[in-house]
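Comments concern the structure below.
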Amino acid sequence: MRALLVILSALGAAFLVMGYVRSWQMRKAIKTGKPVEAINNNYILGAFVGLVVFALGAWWLESKSAPSNATYSPAKIENGTVTGGGFEQQK
């Protein structure tokens, strides 16, 4: 689920940046007297921002993951109290 949120946030950031750049270019064209239809979208900048957000999200997801040689011990109920589970590093 978190991976899906990272992907969606990267796409959202890319679309937001492309929209911002387009509106900035439109304001600039109106100020200089050029036709608004002649505006080129800056898709490269949006794609770059999307990739950066995706890379940061993937790094964040992997930094909180367990090592590959770890074993998981689930939570247990002992004498009416829950003892937490977790990952144990194998030696």
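Remember, predicted model here, so these are calculated numbers, not experimental data.
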**Asked** L11, L56: one ILVMFWY side-chain cluster at the under-4.5 Å cut-off?
**Response** no

Any idea which heavy atoms bring [X] and [Y] closest together, and the distance?
{"X": "G50", "Y": "A10", "answer": "O-CB, 3.4 Å"}
{"X": "A13", "Y": "V53", "answer": "CB-CG2, 3.8 Å"}
{"X": "P35", "Y": "A29", "answer": "O-CB, 4.3 Å"}

**Request:** Report yes or no: does S73 contribute a side-chain atom to a donor-acceptor pair with the main-chain N or O of G85 at less than 3.5 Å?
**Result:** no

**Complete:** ring pair (Phe, Tyr, Trp, His ring centres under 6.0 Å) pairs touching residues 51-82, sequence neighbours excluded, are Y72-F87

**Request:** Write out all pairs satisfying ring pair (Phe, Tyr, Trp, His ring centres under 6.0 Å) with one or both partners inside residues 8-34, taking only residues at least two apart or from two chains.
**Result:** none

**Request:** Taking atom CG of L4 as the centre, report whether more than 12 heavy atoms of other residues, nucleotides or ligands fall under 6.0 Å from it.
**Result:** yes

**Reported NZ-to-OG1 distance for the pair K76 and T83, which is rounded to 0.5 angstrom** = 6.5 Å

**Fill in**
Separation between CZ (R27) and CZ (R22), nearest 0.5 Å, reads 12.5 Å

